[in-house]
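The shown structure was predicted, so the numbers you read here are calculated from the model rather than taken from an experiment. Residue numbers start at 1 and run along the sequence shown. Values below: every heavy atom of this structure, side chains too, minus hydrogens, waters and symmetry copies.
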Amino acid sequence: MDQRKYVKRVVDAELDGLMPALSAIAIEGAKAVGKTATAARRAATVHALDRPGALELAAADPRRLLTGAQPVLIDEWQRFPPVWDLVRRAVDDDPSPGQFLLVGSASPRDPGTHSGAGRIVRLRMRPLTLTERAETEPAVSLAVLLEGRREPIAGSTRVSLEDYAREICASGFPGLRGLPERAVRAQLDSYLDLIVDRDFPEISHTVRNPETLRRWLSAYAAATGTTASFDAVRDAATPGDADKPTKATTQVYRDILQRLWVLDPIPAWLPGRGHLRRLGSAPKHHLVDPALAARLLGAGPGALLEARPSQPPVGRDTTLLGQLFESLVTLDVRVNAQAAEARVGHLRTHTGEHEVDLVVERADHRVLAVEIKLSHSPSERDLRHLHWLTDQLGDDLLDAIVVTTGTDAYRRRDGIAVIPAALLGP
């Protein structure tokens with residue numbers, strides 16, 4: 001039995017708030033993010049569909065998956081998609097709260113004949129944030145920033161640039177925490193191998209040329225934090241090859257990797273009130289964990305800090321460390337924004353003249369703007385896009401922040417908040 005200490009997650013508070021009111025919750029996310037450990041702490045009965053013989057038993061008697069003391073956890077439910085409709089119908093018959101938890105590491109193309117809307121609520125889970133990894137109380141709350149009061153902020157941290165480089169490579173997968181660096185690299189390699197060798201076939205797609213998929217993944221990793229086109233990713237994956245994979249083939253790669261939650265792109269933000277025109281619609285590329293991107297590119301902490309060139313350079317106008325630091329912060333913001341019932345997008349005008357790394361939007365379409373800078377303190381040039389967006393949105397801009405690698409949190413005279421990444425929490 002795994003005796004490692006459980007790390008309290010941001011999503012725990014979400015579950016604490018939802019389970020007393022909802023009949024069924026589906027916790028979704030990539031493998032190894034900690035879904036089962038979190039769900040099992042709340043379950044009285046566990047049906048694990050990845051155990052030997054479990055699928056045969058489920059096919060023979062599907063309704064047995066609903067039996068047992070509640071809450072009932074059905075782990076890796078996507079291996080037997082009919083369970084979705086079984087749970088939905090059970091909730092139709094009895095809407096009592098706290099009955100079912102479904103955990104899935106892939107999104108089936110067709111989870112059933114019904115979406116489950118109104119019966120099964122989906123909740124996304126991602127790797128550990130920086131404050132979860134450190135098990136510390138953050139100094140600055142994203143939820144408070146979204147209130148728009150623009151209060152003074154304070155706090156300090158000893159986390160250094162070297163620490164951030166190490167955290168990028170150390171991974172936010174809970175099972176890898178505390179392992180020696182070589183063991184982490186081996187585990188990440190195994191994770192990537194299993195995507196190609198096992199996960200694709202489980203979704204009924206056999207990869208004819210595994211090496212082409214691996215190169216495509218590496219090119220996608222190199223495009224982290226950019227809006228590079230998928231044609232550019234494909235070309236970077238097969239430089240000089242006359243026989244490149246077709247667009248249809250790479251579309252399949254992308255679709256399945258998104259269904260596995262391995263690709264985690266940021267959608268373009270489209271204003272709800274019509275403030276802005278001519279915004280780009282391309283997503284910004286991210287993998288579920290920046291450690292996967294670093295491993296695909298063969299970059300350890302030393303290489304990141306020394307800014308050694310890495311290949312392929314897809315859409316890159318900054319260092320790889322800068323890209324992966326942005327991905328690390330983006331992971332944190334997405335986890336914390338979900339807890340605050342907010343959505344995250346990115347902003348880029350068609351011409352590329354103005355860009356804002358992240359836009360966190362409340363349900364009323366008012367937003368928090370976030371820039372991410374690999375620097376101790378932001379320069380005036382670093383802030384120009386935030387000043388521009390302030391002029392565009394007026395009162396609909398709740399607050400504007402810059403997340404840095406510095407040591408102190410503070411609010412500038414112009415109202416922009418400067419926050420070290422290690423201090424930002426839910």
How about [atom1] on [X], more than 12 heavy atoms from neighbouring residues, nucleotides or ligands closer than 6.0 Å, or not?
{"X": "Gln251", "atom1": "CD", "result": "yes"}
{"X": "Glu341", "atom1": "CD", "result": "no"}
{"X": "Arg158", "atom1": "CZ", "result": "no"}

For [X] against [Y], the heavy-atom pair lying closest together:
{"X": "Leu304", "Y": "Ala165", "result": "CD1-O, 4.2 Å"}
{"X": "Ala69", "Y": "Ala44", "result": "O-CB, 3.6 Å"}
{"X": "Thr157", "Y": "Gly406", "result": "CG2-O, 3.8 Å"}
{"X": "Leu276", "Y": "Pro271", "result": "CB-CG, 4.1 Å"}
{"X": "Ala170", "Y": "Leu176", "result": "O-CB, 4.4 Å"}
{"X": "Thr227", "Y": "His285", "result": "C-NE2, 4.0 Å"}

Q. Between His286 and Thr224, is any side-chain donor less than 3.5 angstrom from a side-chain acceptor?
A. no

Q. Just by distance, with hydrogens left out, do Ser190 and Asp193 show a side-chain donor and acceptor under 3.5 Å apart?
A. no

Given side chains that start at C-beta, do those of [X] and [Y] come closer than 4.5 Å, heavy atoms only?
{"X": "Leu66", "Y": "Val72", "result": "no"}
{"X": "Val196", "Y": "Arg214", "result": "yes"}
{"X": "Val91", "Y": "Ile120", "result": "no"}
{"X": "Arg185", "Y": "Glu181", "result": "yes"}
{"X": "Leu130", "Y": "Leu423", "result": "no"}
{"X": "Arg177", "Y": "Leu128", "result": "yes"}
{"X": "Thr67", "Y": "Thr45", "result": "no"}
{"X": "Trp84", "Y": "Gln78", "result": "no"}

Tell me whether [X] is salt-bridged to [Y], with the criterion being a basic N under 4.0 Å from an acidic carboxylate O.
{"X": "Glu167", "Y": "Arg133", "answer": "yes"}
{"X": "Lys373", "Y": "Glu326", "answer": "no"}
{"X": "Arg126", "Y": "Glu28", "answer": "no"}
{"X": "Lys31", "Y": "Asp199", "answer": "yes"}
{"X": "Asp264", "Y": "Arg124", "answer": "yes"}
{"X": "Glu202", "Y": "Arg79", "answer": "yes"}
{"X": "Arg366", "Y": "Asp395", "answer": "no"}
{"X": "Lys284", "Y": "Asp357", "answer": "yes"}
{"X": "Glu371", "Y": "Arg384", "answer": "no"}

Q: Show your reasoning for whether side-chain contact (heavy atoms from CB on, under 4.5 Å) applies to Leu101 and Ile74.
A: CA-CA 6 Å; Leu101 287 167; Ile74 306 172; over 6 Å; no

Q. What's the verdict on side-chain contact (heavy atoms from CB on, under 4.5 Å) for Thr249 and Trp216, showing C-alpha distance, side-chain angles and the deciding distance?
A. CA-CA 11 Å; Thr249 297; Trp216 189 91; over 6 Å; no

Spell out, as yes or no, whether a donor-acceptor pair under 3.5 Å connects the side chain of [X] to the backbone of [Y].
{"X": "Asn336", "Y": "Asp332", "result": "yes"}
{"X": "Ser105", "Y": "Ala30", "result": "no"}
{"X": "Thr318", "Y": "Gln323", "result": "no"}
{"X": "Ser23", "Y": "Ser96", "result": "yes"}
{"X": "Lys35", "Y": "Gly29", "result": "yes"}
{"X": "Arg259", "Y": "Ser107", "result": "yes"}

With rounding to the nearest 0.5 angstrom, report the [atom1] to [atom2] distance, [X] to [Y].
{"X": "Ile401", "Y": "Asp399", "atom1": "CD1", "atom2": "CG", "value": "7.5 Å"}
{"X": "Arg295", "Y": "Asp289", "atom1": "CZ", "atom2": "CG", "value": "13.5 Å"}
{"X": "Leu102", "Y": "Arg88", "atom1": "CG", "atom2": "CZ", "value": "13.0 Å"}
{"X": "Tyr220", "Y": "Leu292", "atom1": "OH", "atom2": "CG", "value": "12.0 Å"}
{"X": "Leu389", "Y": "Asp396", "atom1": "CG", "atom2": "CG", "value": "10.0 Å"}
{"X": "Leu321", "Y": "Ile168", "atom1": "CG", "atom2": "CD1", "value": "5.0 Å"}

Q: Under the salt bridge (Lys or Arg N to Asp or Glu O under 4.0 Å) rule, collect the residues that match up with Glu132, sequence neighbours excluded.
A: Arg9

All pairs passing ring-ring contact (aromatic ring centres under 6.0 Å, His included) where [range] contributes a residue, at least two apart:
{"range": "residues 141-183", "answer": "Tyr164-Phe325, Phe173-Tyr191"}
{"range": "residues 124-158", "answer": "none"}
{"range": "residues 391-413", "answer": "none"}

Would you be so kind as to tabulate the donor-acceptor pairs closer than 3.5 Å made by side chains of residues 15-22, with sequence neighbours excluded?
unit_1 : atom_1 : unit_2 : atom_2 : d
Asp16  : OD1    : Arg42  : NH2    : 2.7

Q. After noting the C-alpha distance and the side-chain angles of Glu135 and Lys5, does the key distance pass the salt bridge (charged side-chain N to carboxylate O under 4.0 Å, His left out) rule?
A. CA-CA 11 Å; Glu135 298 183 63; Lys5 175 175 173 285; 2.5 Å; yes

Q: Would you check, one step at a time, whether the test side-chain contact (heavy atoms from CB on, under 4.5 Å) holds for Leu161 with Leu374?
A: CA-CA 8 Å; Leu161 182 62; Leu374 190 74; 3.6 Å; yes

**Q.** Worked verdict on Arg412 versus Glu380 for salt bridge (charged side-chain N to carboxylate O under 4.0 Å, His left out)
**A.** CA-CA 11 Å; Arg412 291 167 42 102; Glu380 291 304 316; 2.9 Å; yes

Q: Decide yes or no on salt bridge (charged side-chain N to carboxylate O under 4.0 Å, His left out) for Asp93 and Arg89, but give the supporting numbers first.
A: CA-CA 6 Å; Asp93 294 339; Arg89 287 193 291 269; over 6 Å; no

(Q) Among residues at least two apart in sequence or on other chains, which ones pass side-chain hydrogen bond (donor to acceptor under 3.5 Å, both in side chains) with Glu137? (A) none

Q: Before giving the answer on ring pair (Phe, Tyr, Trp, His ring centres under 6.0 Å), spell out for Phe100 and His47 the whole-Å C-alpha distance, their side-chain angles and the decisive distance to 0.1 Å.
A: CA-CA 11 Å; Phe100 300 104; His47 297 297; 9.6 Å; no

